[in-house]
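I have placed the structure first, in the form of structure tokens, so that the comments after it can refer back to it.
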Amino acid sequence: MGLKIWLGQGLVDEKDAVISVFDRSLLYGDGVFEGIRVYSGKVFELKAHLDRLYESASVIRLPIGMTQEQMSQAIETTVKANAIQDGYIRLIVTRGIGDLGLDPFVCKNGKVIVIADNVKLYPEEFYEAGMKVISASTIRNHPMALPPQIKSLNYLNNILAKIEAVEAGHGEAIMYNHLGYVAEATGDNIFIVKGGTVQTPPIQAGSLDGITRRVVIRLAKEDGMCVVEKNLTRFDLYTADEMFLTGTAAEVIGVVEMDGRVIGNGKPGPITKRLRSLFFQAAHS
Ligand code: PXG
């Protein structure tokens, strides 16, 4: 039996969840999306994800055609219909079907798709050993081109960097911005720890305003840690005591090697572990 997918106005069987070849998400990557976790039957940070989705949509002038309240209902309905206790939600809004031209305004309202499925997690050893990353030569989108704060359906910028990571035999690549400062990883935000201070690039350095990043900053502060948002260089990363990534899929994961250089003592550090554990508690509370 397949999944129940929310498509447009209600649930359909997975086999009937199809969209047109004229859909602008296919033709132009014209739309926005969110990836959200379900922990113990509860949708994690739903309001924050919806705010980000609606902001992304508004910047690209995409009317969603549903209130946030209706969107929450659609998500809850889809999660329940698939009996998801611990899983992953992919929320997509495409601009829908137009003609073959670029003009977006021929489409009146977006089309909403909600997929709720079980989540594929990294194996626990990955978290214990930490991951290795490289610096991508592909820089992050210039903020005056496609602003990295928009979680758009066009991920080619990040995919080009991901290709570099995979070809180097690693799971993630660190992306820099047009000024040479650290922006983020291809699907995660980045943090370092230096001299006991938790540091992360400001969103304006060219990253997605990650929900996991926000939660981790809050948890770190509540735990009495000093958190600083500032521009970071490749030098700062190489000389960090600890490095970790945050994201909906990865949660909090230590980085132990970058561009062949060992970070810290080559194992996920104590602050990384502490924040991973605090995050786990917050997610399951
Ligand atoms: N930066 C980028 C570019 C992202 O795509 C994050 C940071 C972390 O944000 P959140 O809000 O998730 O803490 C993301 C996350 C995946 C996957 O399966 C992740 C993302 C998108 C698509 C797939 O790992 N985005």
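Side-chain atoms are counted along with the backbone in the values below, which use heavy atoms only and exclude waters and symmetry mates. Each ligand, and each atom within it, is numbered from 1 in the order the structure gives.
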Residue, atom name and distance, where the atom is the protein heavy atom closest to [atom]:
atom                    : result
atom 12 (O) of ligand 1 : Thr248 OG1, 2.5 Å
atom 9 (O) of ligand 1  : Gly210 CA, 3.5 Å
atom 5 (O) of ligand 1  : Tyr155 OH, 2.5 Å
atom 18 (O) of ligand 1 : Ala249 CB, 4.0 Å
atom 13 (O) of ligand 1 : Thr212 OG1, 2.5 Å
atom 17 (C) of ligand 1 : Tyr88 OH, 4.3 Å
atom 2 (C) of ligand 1  : Glu184 OE1, 3.4 Å
atom 21 (C) of ligand 1 : Lys151 NZ, 3.1 Å

Ignoring hydrogens and geometry beyond distance, is a side-chain donor-acceptor pair present between Ser137 and Glu164 at under 3.5 Å?
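Their side chains do contain a donor-acceptor pair, which is all the 3.5 Å distance test asks for.
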Backbone, side chain, both or neither: what part of [X] comes under 4.0 angstrom of ligand 1, heavy atoms only?
X      : result
Asn158 : side chain
Phe33  : side chain
Arg90  : side chain

Taking both backbone and side-chain atoms of Leu208, is any N or O found less than 3.5 Å from an N or O belonging to ligand 1?
no
Do ligand 1 and Thr246 have nitrogen or oxygen atoms that lie under 3.5 Å from each other?
no
What are the atoms of ligand 1, with element, lying closer than 4.0 Å to any heavy atom of Thr186?
3 (C)
Under 4.0 Å to a heavy atom of Ile211 - the qualifying atoms of ligand 1, by number:
10 (P), 11 (O), 13 (O)
Tell me whether ligand 1 is touched by Glu34 - counting only heavy atoms on the residue side and a distance under 4.0 Å.
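Judged by the 4.0 Å heavy-atom criterion, Glu34 does not count as contacting ligand 1.
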Is any side-chain heavy atom of [X] closer than 4.5 Å to a side-chain heavy atom of [Y]?
X      : Y      : answer
Val112 : Met71  : yes
Ile139 : Asn177 : no
Tyr176 : Ser135 : yes

Would you say the ring centers of Tyr127 and Phe280 fall short of 6.0 Å from each other?
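Not under 6.0 Å, so no.
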Would you call the rings of Tyr155 and Phe33 parallel, tilted or perpendicular, where under 30° means parallel and over 60° means perpendicular?
perpendicular
Which heavy-atom pair separates [X] from [Y] by the least distance, and what is that distance?
X      : Y      : result
Leu208 : Glu184 : N-OE1, 3.2 Å
Pro268 : Val256 : N-CG1, 3.6 Å
Glu242 : Ile263 : C-CG2, 4.1 Å

Shortest heavy-atom approach to atom 19 (C) of ligand 1 - which of Ala48, Ser207, Gly187:
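Among Ala48, Ser207, Gly187, the closest heavy atom to atom 19 (C) of ligand 1 belongs to Gly187.
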List the steps and the verdict of salt bridge (charged side-chain N to carboxylate O under 4.0 Å, His left out) for Lys132 and Glu172.
CA-CA 7 Å; Lys132 298 178 180 178; Glu172 259 295 7; over 6 Å; no
Salt-bridge present (Glu34, Lys151; N to O < 4.0 Å):
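No salt bridge links Glu34 with Lys151.
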